[in-house]
Amino acid sequence: MNTTRRTLLTGAAALTAYTLLVPPFARRAWAQPRFSADPYTLGVASGSPRYDGVVLWTRLAPQPLNADGGMPAANVEVRWEIAHDEAFRKLAGKGVATASPDFGHSVHVEANGLAPGRWYWYRFMAGDAVSPVGRTRTTPAPDDAAPRLRYAFASCQQYEQGYYAAYRHMREEDLDLVVFLGDYIYESSWGRDHVRKHATPEPYTLADYRIRYAQYKSDPDLKAMHAAAPWLVTWDDHEVDNDYANDRSERLEANFLARRAAAYRAYYEHMPLRRAALPNGPDMRLYDRCAWGALAEFSVLDDRQYRSHQVCPRHDRGGGSNVVGDQCPERLDPKLTLLGAEQERWLTDGLAASRARWNLIAQQTLMAQLDRTAGPGQTFWTDGWDGYPAARRRLLDFIATRKVANPVVIGGDVHCTWVADLKPDFDDPKSPVVATEFCGTSITSQGAGAKQVAAAMDENPHLRFGGPKRGYLRMDVTPDRATVTLRALDTEKRADSGISTLATFAVENGKPGPQKA
Ligand code: FE
Ligand code: CA
C-alpha cells in the first residue's frame, strides 16, 4: 500500500471536513500558539472504531476549570499523527485539524484509510506542545470471522462519591474496546460520603457543562483508560439532568431544550464522536452501530432524547416514580416509546439485517422487569423499561420471532449488577427466555444495599444474579460463547482500591440465558 499517498489523502480529508465546520474567515487564527501550561490536561481519546478508521480526540485546555479552558478566542491548528508503532517510526496517517473556540478547542479527527483489525498509536501537536500518546485500534474487516472480542462496559461515575480505581484495573484487562453506557458526568451533587467535590454548582449553560466535563476528564485513571483503547459511548440522563425525558425535565423547567442543547454540545465536544453526531441545537444523533467483523455487532441506543414522558409522575413533577401496578394503567399504553418510533425501526431493521454471530444491544438501563413489592402486588420504577413495558415486549417479541442471532442486552443506570433472563412476559413462568441481559454496576455512583438486592432476586426469578458493589463487567466474545466476568472494587472510596471477581457467566452460542460458569 502507498502510505505517502494515503497519508496525504487522510490529511486533506480532515482539512476539508473542518473547513465545512468552521467558516474559514470567521475566526482569527492563533498562528504560533505558545502555551503557559500543558494544554493536554484532559488527555487524548479515541472511539467509534470502524474497520478502516477511528475517531481521535483531544481538547486544548491549559486551565480546564476556566470556562474558556484558558484558551484565547482564536482558532488553533492542531497537527495529528497516527502510526503503526508507539515510537511513530511508521506513520499510517497525519493531518491538520482546527481547534475552534466554538467547540471549546476540542479536536475530532476521523482518521481513515487504516487497515482492519490493527492497533495504532496517535498524538497531537499544537505549537510545540505534544500530547501524550494514545493507543487505539480498528475493528476486523466486515467478513472476518474474528476469533475474539474482549471489551468492558461501564456507566455512572459520580465524581464526588468515589475515585476511578475501576479504570486503573480495567487498563490491566487487555481490552479491545470500552463501552460506556451513560452518566459520564453528573449534573448534581448528591449522595453520601463524598471523597471529592464538584468545583461548580449545577450546570445549565454550555460554559457550565464544559467545566463539569473538564473536571471529570482531569481524573488520571479516566484519562489513562481513554488513552489505552477506543470507546463506544452513549449517554443517560445525568449528562443533562436527572430523569429528563425528551423535552421535559424532572422539575418541569422552562426553556429545557436550551439547556439540553448546551449539554448535548458539551457532550459532543468531550467525546470521540463522528461528525454524524454533530449536534444541531437540542438535537443530536447519537445512536449508531459498530460491527466487530462477523463476530459481533453493537447497536448503541439513545433512550433519553426521543422517549415518551414518564407516566404517572409525582405531583407537579416530571421524571420517574415508583408506581403500584394497578394504580397506573397508563403504563401499559402501547403508544409509549423509550426509543422513539424512528430509532426503534432503525434498531429492528438493523437486527433483522445483521449477519453477526452475536447481536449486542448497548443501552442505558435495566431491561428486565423489576417488581419492588414482595409477594402479591407489583411496584415499578417508571424511568426505566418498566415504565414502557409494551415497547419492551414489542422488542423482545421481535427478537424471538425474527430469530435474531444471540441477542445480548448490556446496560447501566441502576448502580447494581444484574444478570437476567429476558422474556416477552416476565409474569409468566412459561414465557421463553429469548435474550440475555447483563446490566453493569456503576464506576462510583451509590446504589441499593445487599438486602434490597436479595429481596429483588427473591421477587423476580428471571434475575439470576445481583451484585451491589461498584466496578464494571468484562465480556469475552468468541464464536462459541460470550463470557461475562463481574469485576467488583473493594471500595470506590480509595483510588488504590483492589478488585476481585464476583462471578462469571457464559452465554452459549444458540442458547439464550446466562449460565453460571
Ligand atoms: Fe447513574
Ligand atoms: Ca410482587
Side-chain angles (χ1 to χ4, degrees), residues 153-162 164 166-167 179-192 194 198 202-203 212-213 216 222 233-245 250 263 267 301-304 310 319-320 322-328 331 362-387 389 410-418 423 425-429 439-448 452-463 466-473 489 492:
F153 59 100
S155 60
C156 298
Q157 49 191 25
Q158 215 282 358
Y159 184 84
E160 302 174 303
Q161 292 175 20
Y164 297 157
Y167 288 121
V179 181
F180 194 86
L181 297 172
D183 293 357
Y184 190 95
I185 59 159
Y186 279 71
E187 86 291 5
S188 59
S189 181
W190 61 281
R192 48 178 192 272
H194 289 180
H198 287 153
E202 184 163 338
R212 184 57 50 88
Y213 277 99
Y216 277 56
L222 177 58
V233 298
T234 188
W235 53 36
D236 194 26
D237 52 341
H238 290 286
E239 283 86 351
V240 182
D241 182 43
N242 182 53
D243 274 12
Y244 85 92
E250 189 184 25
Y267 184 83
L301 306 184
D302 170 358
D303 80 9
R304 284 286 158 193
Q310 298 93 340
N322 276 313
V323 300
V324 175
D326 55 10
Q327 288 172 18
C328 179
R331 197 179 65 92
Q363 46 86 60
Q364 283 84 342
T365 189
L366 180 69
M367 189 174 283
Q369 178 172 291
L370 201 165
D371 167 20
R372 291 152 195 266
T373 296
Q378 294 181 309
T379 305
F380 298 114
W381 176 245
T382 58
D383 190 59
W385 282 97
D386 276 344
I410 62 173
D413 176 44
V414 294
H415 308 174
C416 176
T417 304
W418 293 112
K423 305 155 64 137
D425 185 351
F426 293 98
D427 293 323
D428 176 3
C439 188
T441 182
S442 56
I443 293 288
T444 55
S445 308
Q446 71 192 43
Q452 280 170 281
V453 172
M457 299 263 297
D458 285 348
E459 188 62 21
N460 299 274
H462 48 273
L463 298 179
K469 289 187 158 186
R470 312 283 72 80
Y472 58 89
L473 275 60
L489 289 174
E492 70 281 11

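Note that ligands are numbered from 1 as they come in the structure, with each ligand's atoms numbered from 1 the same way. As a basis for the values below, the full set of heavy atoms in this structure was taken, side chains included, without hydrogen atoms, waters or symmetry mates.
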| query | Aromatic ring centroids of Y216 and H198 under 6.0 Å? | reply | yes
| note | The atom name of the N, O or S atom in D371 nearest to the Ca ion (ligand 2) is OD2
| message | the Ca ion (ligand 2) and Q378: any N/O/S contact shorter than 3.0 Å? | response | no
| Residue D183 atom name (nearest to the Fe ion (ligand 1); N/O/S) | OD2
| task | State which residue, out of D427, N460, D425, fulfils the side chain to side chain donor-acceptor pair (under 3.5 Å) condition with Q369. | result | D427
| field | Carboxylate-amine/guanidinium contact R304 D383, below 4.0 Å | value | yes
| task | May I ask you to decide if the ring planes of W190 and Y186 are parallel, tilted or perpendicular, using 30° and 60° as cut-offs? | result | tilted
| OG1-CG distance between T417 and L463, expressed to the nearest 0.5 angstrom | 12.0 Å
| So V179 and T234, side chain to side chain contact (heavy atoms under 4.5 Å, CB included) or not? Walk me through it. | CA-CA 8 Å; V179 181; T234 188; over 6 Å; no
| request: Return yes when at least one N/O/S atom of G375 is nearer than 3.0 Å to the Ca ion (ligand 2), and no when none is. | output: yes
| query | Closer than 3.0 Å to the Ca ion (ligand 2), do we get an N, O or S atom from G377, backbone or side chain? | reply | yes
| request: Verify the distance test for C156 against the Fe ion (ligand 1): any N/O/S atom under 2.8 Å, yes or no. | output: yes
| Atom name of the N, O or S atom in E459 that lies nearest to the Ca ion (ligand 2) | OE2
| Please state the angle at the Fe ion (ligand 1) spanned by OH of Y186 and NE2 of H415: what is it, rounded to 10 degrees? | 90°
| task | Answer yes or no for S442: is there an N/O/S atom below the 2.8 Å cut-off from the Fe ion (ligand 1)? | result | no
| message | For a 4.5 angstrom cut-off between non-hydrogen side-chain atoms, does D386 reach W381? | response | no
